[in-house]
Amino acid sequence: MALLLSRIAMIHIFPILFLTFSDNYGFLRGINSLGINYGQVGNNLPQPENVLDLLISLKLTKARIYDTNPQILTAFSNSNVELIVTIENQMLAVLMDPQQALQWVSTHIKPYFPATRITGIAVGNEVFTDDDTTLLAYLVPAVVNIHSALAQLGLDRYIQVSTPNSLAVLAESFPPSAGTFKTEVSGVMSQFLHFLSNTKSPFWINAYPYFAYKDKPDDIPLDYVLFKPNSGMVDPYTKLHYDNMLYAQVDAVIFAIARMGFNGIEVRVSETGWPSKGDSDEVGATIENAAAYNKNILRRQLNSEGTPLRPNMRLEVYLFALFNEDLKPGPTSERNYGLFQPDCSMAYNVGLSALSSPSTPSASISLTSSATKVKT
């Protein structure tokens, strides 16, 4: 226990300094800011070339897609937009074979890089909490093999490998200092964290304060989840003050990682967002709340904020999502996370146009496209 407390104290006392990405291919250096998840689960979405024009017009330079769509990878070539691509969950079993992993990278990454600025590969999505529990055994071998394939081709310096996780991977998340992974995933999680630590890759978390508010609107202050002025909460053990739920969720993940014996792994938000429309039982799913949540995240990003536990490390966030996607299954909210309509008109104004102003410093923004219910 003493060792655990000392490890946790080390995170608090010695927050990791943020390191900017640089390389020999001339990629953008410096500010890393908001990112956008660009999903394609719709039958009325614009062509990739038009999507690129939209991102460029808004000075958004980071996006995540949920596959390796060759049309998108080709359209985004010779642009300044950095892409995270995704390997679908059903591919994980195949990638346990190192030769298959090398073939995958040779086919889906190498032909496009470096003209297309691929900076990350998401191996699966929310595998630790997927209903298909057999996937978990495939995850770490697939991650290791994809990274080894990148190394064989000389690309591991430029492309990080990780996997996005649902916040439901935590057994405890409140207060943040109680953050703990579920015992049933601890064995594979330890192996995965070992890989992240050795390769200096980030831990990606999909975090949605909206779901916590929807489930308990009488217990959770709306201003707290929307980043509006509020009294917040103080962690009784660390005495750190939180004025919003997203930062508390991220710090809970950092503590969970520390309890596994790992320090120094950067936690990034691979998905977060707020729906602008929902069913009658989806409390809080309104245009006003969605605009407030995303606008306030954008403001925090432009201020280079970190979380209370790591105030000196800018928190990287990818919003969910770029477009409303009309073919997404589930409740009405699932089809209404987009900042934009399929015709590229704004679903609501979050102030992205400010990034286009010559007087505003250029910042990166990235968006993700699959919402998954999380637990707090």
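Model, not experiment: these values are computed from the prediction.
- Smallest separation of non-hydrogen atoms from C344 and F323: SG-CE2, 4.2 Å.
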TODO: Apply side-chain contact (heavy atoms from CB on, under 4.5 Å) to the pair I118 and L73, showing each step before the final yes or no.
DONE: CA-CA 9 Å; I118 301 168; L73 295 181; 4.3 Å; yes

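- Rounded to the nearest 0.5 angstrom, F262 CZ and I257 CD1 are separated by 9.5 Å.
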- [ ] Determine, step by step, whether Y242 and D251 satisfy the side-chain hydrogen bond (donor to acceptor under 3.5 Å, both in side chains) criterion, reporting the C-alpha distance in whole Å, the side-chain angles of both residues, the deciding distance to 0.1 Å, and the verdict.
- [x] CA-CA 10 Å; Y242 293 85; D251 279 355; 2.7 Å; yes

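- In the model, D130 has a side-chain atom that pairs as donor or acceptor with a side-chain atom of N89 under 3.5 Å.
- Remark: H194 pairs with N198 by the side chain to side chain donor-acceptor pair (under 3.5 Å) rule, at least two apart or across chains.
- Of the candidates L150, T86, L155, T68, L150 is the only one forming a side-chain contact (heavy atoms from CB on, under 4.5 Å) with I121.
- Between Y38 and F76, the angle of the ring planes stays under 30°, which puts this pair in the parallel group of the 30/60° scheme.
- Within 6.0 Å of atom NZ in K277, 12 or fewer heavy atoms from other residues, nucleotides or ligands are found, so the atom counts as exposed in its surroundings.
- Following chains of ILVMFWY side-chain contacts shorter than 4.5 Å, one cannot reach Y237 starting from F174, and the two form parts of different hydrophobic clusters.
- Taking NE2 of H108 as the reference point, atom CD of Q103 lies at 9.0 Å (rounded to 0.5 Å).
- Heavy atoms of other residues, nucleotides or ligands lying less than 6.0 angstrom from CD of E172 number 12 at most.
- Rounding to the nearest 0.5 Å gives a distance of 8.5 Å between CD of E282 and OG of S280.
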Open item on the list: Please evaluate residues N296 and R299 with respect to the criterion side-chain hydrogen bond (donor to acceptor under 3.5 Å, both in side chains), reporting the C-alpha separation (whole Å), side-chain torsions for both, the decisive distance (0.1 Å), and the verdict.
Closed with: CA-CA 5 Å; N296 287 330; R299 183 178 296 116; 2.4 Å; yes

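- A290 and P275 make their closest contact through CB-O, 3.7 Å (heavy atoms, listed as atom of the first residue, atom of the second, distance).
- E266 contributes atom CD, which lies 11.5 Å from atom CZ of R314 (distance to the nearest 0.5 angstrom).
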TODO: Kindly indicate, with the supporting measurements, whether the criterion side-chain contact (heavy atoms from CB on, under 4.5 Å) is fulfilled by Y318 and V269.
DONE: CA-CA 6 Å; Y318 279 65; V269 179; over 6 Å; no

TODO: Any chance you could lay out the side-chain contact (heavy atoms from CB on, under 4.5 Å) test for W204 and I84, step after step, and finish with the verdict?
DONE: CA-CA 12 Å; W204 286 328; I84 294 173; 3.9 Å; yes

Open item on the list: Test side-chain contact (heavy atoms from CB on, under 4.5 Å) on L153 and F113; report intermediate values, then the result.
Closed with: CA-CA 11 Å; L153 298 172; F113 186 91; over 6 Å; no

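- Contact of the R64 side chain with the P164 side chain is registered, since non-hydrogen atoms from C-beta on lie closer than 4.5 Å.
- The shortest heavy-atom contact between L246 and A207 is CD1-CB, 3.7 Å.
- Classification of the F211-Y337 ring pair by plane angle, with boundaries at 30° and 60°, yields tilted.
- A single hydrophobic cluster is not seen to contain both V225 and V234; linkage of ILVMFWY side chains at heavy-atom distances under 4.5 Å, directly or through other members, places them apart.
- Under the 30°/60° scheme for interplanar angles, the aromatic rings of F203 and F181 are found to be tilted.
- Across all non-hydrogen atoms, the minimal contact from R259 to A178 is NH1-C, 3.7 Å.
- Note that CE of M245 is 10.5 Å distant from CG of N230, once rounded to the nearest 0.5 Å.
- The CD atom of Q191 sits 10.0 Å away from the OG atom of S186 when rounded to the nearest 0.5 Å.
- E49 CD: more than 12 foreign heavy atoms inside a 6.0 Å radius.
- Nearest heavy-atom pair across A252 and S173 is CB-O, 3.5 Å.
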TODO: Under the side-chain hydrogen bond (donor to acceptor under 3.5 Å, both in side chains) rule, what do N206 and S166 come out as? Steps first, then yes or no, please.
DONE: CA-CA 5 Å; N206 298 339; S166 165; over 6 Å; no

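- Taking both residues in full, the closest heavy atoms of K62 and E316 are given as NZ-OE1, 2.9 Å, listed atom of the first, atom of the second, then distance.
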